[in-house]
2 protein chains.
Amino acid sequence: MANSASGESIIGRFVKIVSAFDDRHTSMTVAELGRRTGLPVTTTYRLVNDLLRERLLEREPGGDIHIGTRMWELVSRGSKMLGLREAALPFMEDVQAVVQHSTTLGILDSDEVLYIERLGSDKTIVDITKIAGRLPLHATSSGLVLLAHAPAAYQDSFLARPLTKFTETTLTEPSLLRRHLAEIRQRGFAAMPGVIVPESSGIAVPVFGPDNTVRAALSVVVPRNEENAAARVPVLMAAARGISRALGWRGELKGTLRQSH
Amino acid sequence: MANSASGESIIGRFVKIVSAFDDRHTSMTVAELGRRTGLPVTTTYRLVNDLLRERLLEREPGGDIHIGTRMWELVSRGSKMLGLREAALPFMEDVQAVVQHSTTLGILDSDEVLYIERLGSDKTIVDITKIAGRLPLHATSSGLVLLAHAPAAYQDSFLARPLTKFTETTLTEPSLLRRHLAEIRQRGFAAMPGVIVPESSGIAVPVFGPDNTVRAALSVVVPRNEENAAARVPVLMAAARGISRALGWRGELKGTLRQSH
DNA sequence: AGGAGGATTACCATTGAGCGGTAATCCTGA
DNA sequence: TCAGGATTACCGCTCAATGGTAATCCTCCT
């Protein structure tokens, strides 16, 4: 692979181009795209034109380009995210209706929580989760739930590296974290007051797939000063079980119980 | 472009590969992917491996591959769909809370309505809209709204081709449709009883962008036998204005009113 | 154990698609 | 009118991509 002087494949360059767009920069001129990606000018134009031809990119009246509707459609339709989302949404709506604060669904990807769905952006409390946004595992309730149910080998390697301490309550000490993860597995939920942002706290529970492994974490963000945040747990758990069942989960398998840790 | 014997570019093949996945087939073996795309075996394997390397595709334990989380993330984050969705969701939740049936948001793409968001899949009524799914313009309330506010030239070319008659009430006669579109523009909403599915009817209103053009259609699907479906219109309209404003729309421009038809 | 059938990888000669430089042209605002 | 950036046009070089054949792996089934 790599026809280029720099040794990159077209696929690699495609990724560079798509990556140049984010929620802050959804459209830009081709020249600017070239600058952002660092690709040679001519190459950028040629590649962009190829992508325009396939409708993976689109040119707007002003001349700026943006990610094409076709690309969004193809990826959304073929991705497993949609299935998960479809299964989760009705239950998330229920949670949202009762809890009133923002409800999110996150998965484990590349050592971080990737939020794939979110309902109810409540401006009154601080909530930095965004759809298609990422946050560190050890500093979010969703992340802790996902980490707690990940394979032991994975936990080990994750806990081996240095962890950023965002606020006073962020746990970074491996041994303390381990104990906390065990607790999360046992209680079935994670409740973290102000782990990233001091003013808000998150509560998260696991969502299971047919093979009884954890697929996602369902969580709500509430103001930290709320009296008994733990009262939210049953609602979340019920919803998570509903989602799990919609995914094909059949309750905890009594006979062939398989531990992931 | 096209190094291949068949004269396809890599980008084209990339599209073929991604297109091979849909909501019914979210994962498959590489060999099957080759069959579905019609690409030469070796080529399929090489390309898939390149894509796996970039994490645009992912291999699951069984060996099957599926669209990668990275791909979903990159496209979602960079796409304008997210912005539209973020703006619309809070209002859609409100509509959903009041109307109780399913609420959808659709845009015009490739002569069809592409649904980009949907809340409340009510199993009690028939509703064939899916996220990232498509339906014909002339047979859905959303589509009619979008068509009604499209440029005149576009309407002409669209109405020039033969239109499928799905049920008794589907309008296919160009002149009748034109009159109906005018009516929709004037009243500000489209209400179609059983245009695709006889048992349900849809109501849709336009969502405007900063330049006062129509960006999307907000709609609800209700049972056809509901007494006064038209009573839903004000709620929808209020929500649509809210979304429009969130997109930067500043009310109908009195001075420099620009007609799109 | 053996073997059939599919999935996957290894190998390799051929070639044209991608590459990226330079230069011309278009566009926009001052 | 002019300046500076964005975009397109042109072009020779070359190696990455191609896709055939064949070997290997893997999974059931008998």
Side-chain angles (χ1 to χ4, degrees), chain A residues 1-21 25-68 71 78 211 256, chain B residues 1-21 25-68 71 78 210-211 256 258:
Chain A
M1 50 180 344
N3 208 345
S4 62
S6 54
E8 296 174 301
S9 64
I10 313 180
I11 303 293
R13 303 191 148 181
F14 169 76
V15 172
K16 271 196 178 176
I17 286 184
V18 179
S19 305
F21 298 92
H25 309 83
T26 57
S27 64
M28 64 190 76
T29 169
V30 183
E32 189 181 349
L33 184 59
R35 257 176 271 122
R36 284 172 68 92
T37 55
L39 296 177
V41 214
T42 312
T43 306
T44 311
Y45 279 97
R46 180 169 22 82
L47 232 147
V48 165
N49 282 327
D50 288 356
L51 293 170
L52 285 171
R53 209 165 296 131
E54 293 287 350
R55 293 198 55 219
L56 294 186
L57 292 181
E58 279 168 11
R59 166 160 269 140
E60 38 199 61
D64 286 12
I65 58 164
H66 60 213
I67 291 186
M71 183 123 98
D211 54 358
T256 53
Chain B
M1 49 180 351
N3 208 344
S4 61
S6 53
E8 296 174 302
S9 64
I10 312 180
I11 303 293
R13 303 191 149 183
F14 169 76
V15 172
K16 271 196 176 175
I17 286 184
V18 179
S19 305
F21 297 93
H25 309 84
T26 56
S27 64
M28 63 191 75
T29 168
V30 182
E32 189 181 348
L33 184 58
R35 258 176 270 121
R36 285 173 68 92
T37 55
L39 296 177
V41 215
T42 312
T43 306
T44 310
Y45 279 97
R46 181 167 23 81
L47 233 145
V48 165
N49 281 328
D50 288 357
L51 293 169
L52 285 172
R53 209 166 294 130
E54 293 286 351
R55 293 199 55 219
L56 294 186
L57 292 181
E58 279 168 12
R59 166 160 270 140
E60 36 198 63
D64 286 12
I65 58 166
H66 61 213
I67 291 187
M71 183 123 100
D211 55 357
T256 53
R258 191 174 312 273

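Computation of the quantities below employed the complete heavy-atom set of this structure, encompassing side-chain atoms and omitting hydrogens, waters and symmetry-equivalent molecules. Here is the naming used below: chain letters follow the sequence lines, and residue numbers restart at 1 for every chain.
Put simply, the side chain of B:I11 does not reach to within 4.5 Å of the side chain of A:R53, judged on heavy atoms. A 4.5 Å side-chain heavy-atom check between A:E32 and A:D64 finds every atom pair outside the cut-off. Under the 4.5 Å side-chain criterion, counting only non-hydrogen atoms from C-beta, B:L52 is in contact with B:R59.
As rounded to whole Å, 12 Å separates atom P of C:dG18 from atom CZ of A:R13. The CD1-P distance, from B:I10 to C:dT15, rounds to 19 Å in whole Å.
Taking B:F14 as the reference, A:F14 meet the ring-ring contact (aromatic ring centres under 6.0 Å, His included) condition, with sequence neighbours excluded.
Both A:P40 and A:G62 lie close to DNA chain C; mapped to their nearest nucleotides by heavy-atom distance, the more 5′-ward contact belongs to A:P40.
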Between side-chain atoms of residues 38-49 of chain A and protein atoms elsewhere (two or more places apart, or another chain), which donor-acceptor pairs fall under 3.5 Å?
| unit_1 | atom_1 | unit_2 | atom_2 | d |
| --- | --- | --- | --- | --- |
| A:T44 | OG1 | A:P40 | O | 2.8 |
| A:N49 | ND2 | A:Y45 | O | 3.1 |

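At D:dC11, none of the side-chain N or O atoms of A:R46 fall inside 4.0 Å of OP1 or OP2 (strictly under the cut-off). In this model, the phosphate group of D:dG19 is approached by a side-chain N or O of B:T43 to a distance below 4.0 Å at OP1 or OP2.
Each of A:D50, A:L56, A:L51 was checked for a side-chain contact (heavy atoms from CB on, under 4.5 Å) with A:E54, and the lone residue meeting it is A:L56.
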Query raised in the report: Using a cut-off of 4.0 Å between protein heavy atoms and nucleotide atoms, how would you tag nucleotides 3-13 of chain C 5' to 3' with B, S and -?
Result: ----SBBB---
